[in-house]
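Everything below concerns the one structure shown next.
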Amino acid sequence: MKETLFFSLKYAVFKQSNNGTVLTMSFVEYSDCIQDGDVAIVYLGHESMTPVKVKRGAQTQTRYGVIRHSTDLIGQRYGSKVTCSKGGWVYVLHPTPELWTVNLPHRTQILYTTDIATITMMLELKPGSVVCESGTGSGSLSHAILRTIAPTGHLHTVEFHQQRSEKVLEEFKEHRVDHMVTVRNQDACKDGFGVTGVADAVFLDIPSPWEAVRHAKAALKKHGGRVCSFSPCIEQVQKTCEAFSDQGFEDINSLEVLLRVHDVRTVYLPLPDFGPDPSAQIQPDSTITPPQNHASIAVKTTIPPRDVQGHTGYLTFATKPRT
């Protein structure tokens, strides 16, 4: 009863804004129904998805026909099966950071879920954490961080490229997470993160992360915190580790995350033939059928892929000691 009441209250608070109007979806909150202004994921198949900005009167063309936003989307529950004009159908999904990662417009190289999950865990992110990030890029990691630190955390993200910083800020507003993030258009290596002594964690994804290590240290809280640097080249890792050591960081370690998916298949293994069993006394009129010479047994096994996913980058972690 208490859990039901809590959920109902939370749902009511989410659905009503200060002036009583209904709020739309957010990448850090879940809403039941599709509304005008939402960003929804149209799912045509595992390898075919696309984000759609829902707008009353608009249409989206798919290979299965047209989706009419006013009648096919608005008011429907997320996860619904929508029939297109040609008779084919699609699913309309609530956006998540994972779905956004595989559907976002690429302005830079991005981080994918395999690395993102490790970064989130190793930086010890949780609701209420304050995080500094450079650079923002296409916002793949940013959305995952925001979902993890919601509802009371904050992300300070720095992007050197002005147009990219403007575009990602526009996306944050469209995704209803702009109240949790501050976007700065500046050089983190020269100007830092714009904050001092507030961060629980810092993430660096820039060409020369060793030049930003001192700014990362300044941004972290006095009681310490964690830093992660993503670099594709081992030479960058070496310089960054030296910078961490010079700045007094501890627990410096680097790792590489490789995803290897095993396929489960059914195989048939032949049963060995050890000859007749001398202890078995088979009478001429026995109904027992002797074993066949080519008997086999079906078993489940896993088969590793022939092609292993290639290198993405090295993750270097370090801890700032308490001061």
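Worth saying up front: this structure is predicted, and the values here are computed from it rather than measured. When reading the values below, keep in mind they use all heavy atoms of this one structure, side chains included, and skip hydrogens, waters and symmetry mates. Each residue takes its place number in the sequence, starting with 1.
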| field | Flag for Thr101-Ser140: side-chain donor and acceptor within less than 3.5 Å | value |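 The answer is yes; a qualifying pair exists.
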Less than 4.0 angstrom from a charged side-chain N to a carboxylate O is my criterion; do [X] and [Y] meet it?
X      : Y      : answer
Lys173 : Glu170 : no
Glu211 : Lys239 : no
Asp36  : Lys55  : no
Glu133 : Arg184 : no

Do [X] and [Y] belong to the same hydrophobic cluster, where Ile, Leu, Val, Met, Phe, Trp and Tyr are linked whenever their side-chain heavy atoms lie under 4.5 Å apart, directly or via other members?
X      : Y      : answer
Phe317 : Leu220 : no
Val102 : Val52  : no
Leu315 : Leu125 : yes
Val131 : Val195 : no
Leu141 : Leu169 : yes

Would you indicate whether the side-chain heavy atoms of [Y] and [X] approach each other to under 4.5 Å?
X      : Y      : answer
Met49  : Val42  : no
Cys241 : Ser254 : yes
His94  : Ile41  : no
Ser229 : Gln236 : no
Thr60  : His69  : yes
Tyr78  : Leu93  : no
Arg226 : Phe249 : no
Pro304 : Arg260 : yes

- prompt: Hey, what's the ring geometry for His175 with Phe27, parallel, tilted or perpendicular (30° and 60° as the breaks)?
  reply: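 Taking Phe27 first and then His175, their aromatic rings lie parallel (interplane angle under 30°).
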Taking every non-hydrogen atom, the tightest pair across [X] and [Y]:
X      : Y      : value
Glu159 : Thr136 : OE1-N, 3.3 Å
Leu104 : His106 : O-CD2, 3.2 Å
Val257 : Thr312 : O-OG1, 4.4 Å
Ile234 : Tyr314 : N-CE1, 3.7 Å
Pro209 : Ile206 : CD-O, 3.2 Å
His215 : Cys189 : NE2-O, 3.1 Å

Please answer whether the main-chain N or O of [Y] pairs with a side-chain N or O of [X] as donor and acceptor at a distance below 3.5 Å.
X      : Y      : result
Ser70  : Gly57  : yes
Ser231 : Cys233 : no
Ser80  : Val82  : no
Ser48  : Gly45  : no
Tyr43  : His46  : yes
Thr148 : Ala144 : yes
Asp115 : Tyr112 : no
Lys320 : Lys221 : yes
Gln186 : Gly192 : yes
Lys217 : Gln247 : yes

Worksheet item: Quick one: which of Val92, Val90, Val54 gives a side chain to side chain contact (heavy atoms under 4.5 Å, CB included) with Ile67?
Response: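 Among Val92, Val90, Val54, the one meeting side chain to side chain contact (heavy atoms under 4.5 Å, CB included) with Ile67 is Val90.
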Any chance [atom1] of [X] has more than 12 other-residue heavy atoms, nucleotides or ligands included, within less than 6.0 Å?
X      : atom1 : answer
Phe230 : CZ    : yes
Gln59  : CD    : yes
Gln61  : CD    : yes

If you measure from [atom1] on [X] to [atom2] on [Y], what distance do you get to the nearest 0.5 Å?
X      : Y      : atom1 : atom2 : answer
Tyr30  : Met25  : OH    : CE    : 11.0 Å
Arg63  : Cys84  : CZ    : SG    : 10.0 Å
Asn185 : Arg164 : CG    : CZ    : 10.0 Å
Thr50  : Leu99  : OG1   : CG    : 12.0 Å
Ser129 : Asp200 : OG    : CG    : 5.0 Å
Met180 : Leu155 : CE    : CG    : 8.0 Å

message = The test is side-chain contact (heavy atoms from CB on, under 4.5 Å); show your working for Gln35 and Ile74 and say whether it passes.
response = CA-CA 5 Å; Gln35 303 171 36; Ile74 296 177; 5.7 Å; no
Check your understanding: Please walk me through it: do Gln162 and Glu166 pass side chain to side chain donor-acceptor pair (under 3.5 Å)?
Key -> CA-CA 6 Å; Gln162 181 177 356; Glu166 293 173 352; 3.1 Å; yes
Chi angles and distances behind the salt bridge (Lys or Arg N to Asp or Glu O under 4.0 Å) call for Glu29, Arg147: CA-CA 8 Å; Glu29 290 279 2; Arg147 195 261 309 274; over 6 Å; no
field: side-chain contact (heavy atoms from CB on, under 4.5 Å) assessment of Thr316 paired with Phe244
entry: CA-CA 10 Å; Thr316 301; Phe244 278 138; 3.9 Å; yes
- Item | Test side-chain contact (heavy atoms from CB on, under 4.5 Å) applied to Tyr268 and Thr266, step by step | CA-CA 7 Å; Tyr268 296 89; Thr266 301; 4.3 Å; yes
**Asked** After noting the C-alpha distance and the side-chain angles of Arg107 and Val168, does the key distance pass the side-chain contact (heavy atoms from CB on, under 4.5 Å) rule?
**Response** CA-CA 10 Å; Arg107 297 179 290 272; Val168 77; 4.1 Å; yes
